[in-house]
Amino acid sequence: MASLEAILERAQSLTDNEHYEEAYKVLTAAYNEGKENPEFMEKIALAASTLDKKDEAVQYWEELINIAPNSMVAYTELQDAYCDTNRYKYYLTRARVKILNSQVAQAIPDYKKAIENTHDEKERADANLLMAKAYEFLGKTMNAIDEYYKVAPILNTIEIYIKIADLYVSEKDKLSAISVLESALEHFKDQNNDTVKELLARLYLEVGNTEKAEQYAISDLLKIKIKLSENKNDEAYELLQKVPDKHNAEYHKLAAEYYFNKKDWDNCINAINDFAKFEPNHPLVYQMRSLVCEGQGNVHDAHANRAKMYNAKGQKDIALHEYMQAHHADKNNIQTIEEIINLCEECGEKHTAGEFYEKLLKLSPKNERALIKSGDFYYDLGEYQVAASYYERAAEVSHVSEVFLKAGKCFEKMRKEKTARYYYEKYLAKAPMSASAETELIKAKLNKLSNEEVAEDEGFLEKILGFFSKK
């Protein structure tokens, strides 16, 4: 038997020679072999369309969509086919074409038209569901909720109620979410509803109704969380000891909460560190550490950890404020100063960064990075004399070739050619092979500086000789 590739080539050859019937026969004979192949299904659908076999073409295009849901050609062809035969499918297909073209908002009226063109309850529900997803994509949450409510009694699945509850939560309307899930429990009371009960327990806990939360909680870890929120620490500890799998982030987070409630700071920190092994840069890690530091009376570390929390959340302006508070509590903490500098540079606060580089140098006079960055700051301001002083100090402690290059450029700006030559030569001696373009440029500068020095020396000699010849 010929391969599918050979069959497609044969059909294409016949089509190119306008033997459409023969091409179609070749493809239909191979249908069972090729029906899961999108390229084959597109070919056979096009062949049926060419021969005006409308019903067969529609069948093939619909089958193509099942295996290639984003086939634009299939939807376009079906849209034409449905135009005069099925207005419901026509509008649904037209909406899908718009979705594939990223025109989600324009698809909404087509879904509404589709609903108007059918009396079938299931078809209307399908269109409502698609419209709900479109509204959700567009961020129109309440519109999406309205559409999900319409399909809930028809599709009759608990997942729809959970979806509605999730959307209410996204709108910070937890009470409405609770109401929806309570309705779901009543409506599906003969089913296993552990998922809904767990969601309800979490929501009741979040709104402060621990009695209801306890009523619905299923998992041991959630039950422990509820006990801790009620300050029933001994009961929570008993449940913690019985947890079979202690190798997870949630367990260590709850253990940290227990030790915090007991003001057992050392064990609390150990539990936080265990939690951090699972979620290294989670904002909660820094938040919990901050609370422990507050409990211990460590003002600096409390602010520093809060700063890390906000930084992990991407709220850099608040993080910078917290670092400033930490610095105020301990002005000699080098790490905090460096964190402030890093955030200032990220936020484009060059002047504040420059100020803190100065503070850093008072505490660590040979800090290479601070020396170079301070030099860069003053170089950009055009204060070459000040910049040069920093670069010279950096050159004494640095083994990085770039420092000598910066110093050379600075002295060249001040027209101190001999000092510039000295640093350029140091740069060339230390420059990596990868900096070939830069080294060639510096070599050219050195040649230029040498010629200028020779010219200056010759000019000076001529002046001296001229002076004596006049005597």
Side-chain angles (χ1 to χ4, degrees), residues 162 165-166 168-170 172 174 177-178 181 194-316 318-319 322-323 326 339:
I162 293 172
D166 286 343
Y168 274 126
V169 170
S170 73
K172 297 180 171 50
K174 292 175 183 176
I178 287 171
L181 293 175
D194 285 356
T195 300
V196 174
K197 289 177 181 177
E198 192 81 347
L199 288 171
L200 268 170
R202 291 184 184 281
L203 286 169
Y204 273 122
L205 180 59
E206 287 173 17
V207 299
N209 190 335
T210 54
E211 184 180 345
K212 278 285 191 179
E214 280 193 281
Q215 176 187 333
Y216 288 117
I218 300 295
S219 71
D220 292 334
L221 292 177
L222 183 54
K223 289 175 182 177
I224 294 166
K225 188 174 180 66
I226 295 166
K227 295 290 185 186
L228 289 170
S229 71
E230 296 173 315
N231 279 319
K232 296 178 179 178
N233 297 310
D234 293 337
E235 293 179 41
Y237 185 74
E238 286 182 23
L239 290 172
L240 275 168
Q241 298 303 103
K242 295 175 183 178
V243 172
D245 179 16
K246 296 178 172 62
H247 301 289
N248 62 78
E250 186 66 19
Y251 170 81
H252 293 298
K253 183 172 70 174
L254 292 171
E257 190 174 343
Y258 164 75
Y259 288 120
F260 180 84
N261 288 353
K262 302 292 284 186
K263 293 183 170 52
D264 184 345
W265 307 127
D266 290 339
N267 279 319
C268 186
I269 285 294
N270 290 335
I272 293 169
N273 292 339
D274 287 333
F275 171 69
K277 292 174 185 176
F278 293 90
E279 303 279 354
N281 199 39
H282 196 290
L284 186 58
V285 171
Y286 305 116
Q287 183 181 14
M288 291 191 292
R289 285 174 179 162
S290 174
L291 291 170
V292 171
C293 291
E294 281 184 3
Q296 294 174 317
N298 187 335
V299 178
H300 170 273
D301 286 2
H303 283 295
N305 276 291
R306 246 194 318 273
K308 291 175 182 176
M309 176 190 74
Y310 284 117
N311 199 22
K313 290 180 176 181
Q315 296 173 274
K316 297 187 182 298
I318 306 177
E322 289 293 339
Y323 274 128
E339 293 290 357

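Quick caveat, the model's predicted, so the values are computed rather than measured.
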* To do: Could you check K197, E198, R202 and say which one makes a side-chain contact (heavy atoms from CB on, under 4.5 Å) with Y216?
  =>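 Testing Y216 for a side-chain contact (heavy atoms from CB on, under 4.5 Å) against K197, E198, R202 leaves exactly one candidate, K197.
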Taking C-beta and beyond as the side chain, do [X] and [Y] meet within less than 4.5 Å on heavy atoms?
X	Y	value
D220	K242	no
L221	K223	no
K174	Y168	no
E235	L239	no
K225	L254	yes
N209	E211	yes
N305	V285	no
M309	S290	no

Do you know which two heavy atoms are closest between [X] and [Y], and how far apart they sit?
X	Y	value
I178	Y204	CG2-OH, 3.2 Å
A304	A326	N-CB, 3.9 Å
L181	L203	CD1-CD1, 3.7 Å
L240	K246	O-CE, 3.6 Å
F275	K253	CD1-CB, 4.0 Å
E257	S229	OE2-N, 4.5 Å

* Asked: Is the CD atom of Q241 crowded by more than 12 outside heavy atoms at less than 6.0 Å?
  ->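 It does: Q241 CD has more than 12 such atoms within range.
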Are side-chain N/O atoms of [X] and [Y] paired as donor and acceptor at under 3.5 Å?
X	Y	answer
N281	Y286	yes
N311	R306	no
N270	N273	no

Quick one: pull up [atom1] in [X] and [atom2] in [Y] and give me the separation to the nearest 0.5 Å.
X	Y	atom1	atom2	result
K232	N261	NZ	CG	13.5 Å
Y259	N267	OH	CG	4.5 Å
E230	L205	CD	CG	8.5 Å
K262	L228	NZ	CG	11.0 Å
H300	N298	NE2	CG	8.0 Å
D194	L199	CG	CG	11.0 Å

* Asked: Using the benzene-type ring in the case of Trp, are the ring centres of F260 and W265 under 6.0 Å apart?
  ->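 Yes, the ring of F260 comes within the 6.0 Å limit of the ring of W265, centre to centre.
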* Asked: Between F278 and H252, is the ring centre distance below 6.0 Å?
  ->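 For F278 and H252, the ring centres are under 6.0 Å apart.
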* May I ask you to say whether E339 pairs ionically with K308, meaning some side-chain N is under 4.0 Å from a carboxylate O? =>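 No, this pair does not count.
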* So, S219 side chain and L222 main chain: donor-acceptor pair closer than 3.5 Å or not? ->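 At least one qualifying donor-acceptor pair exists.
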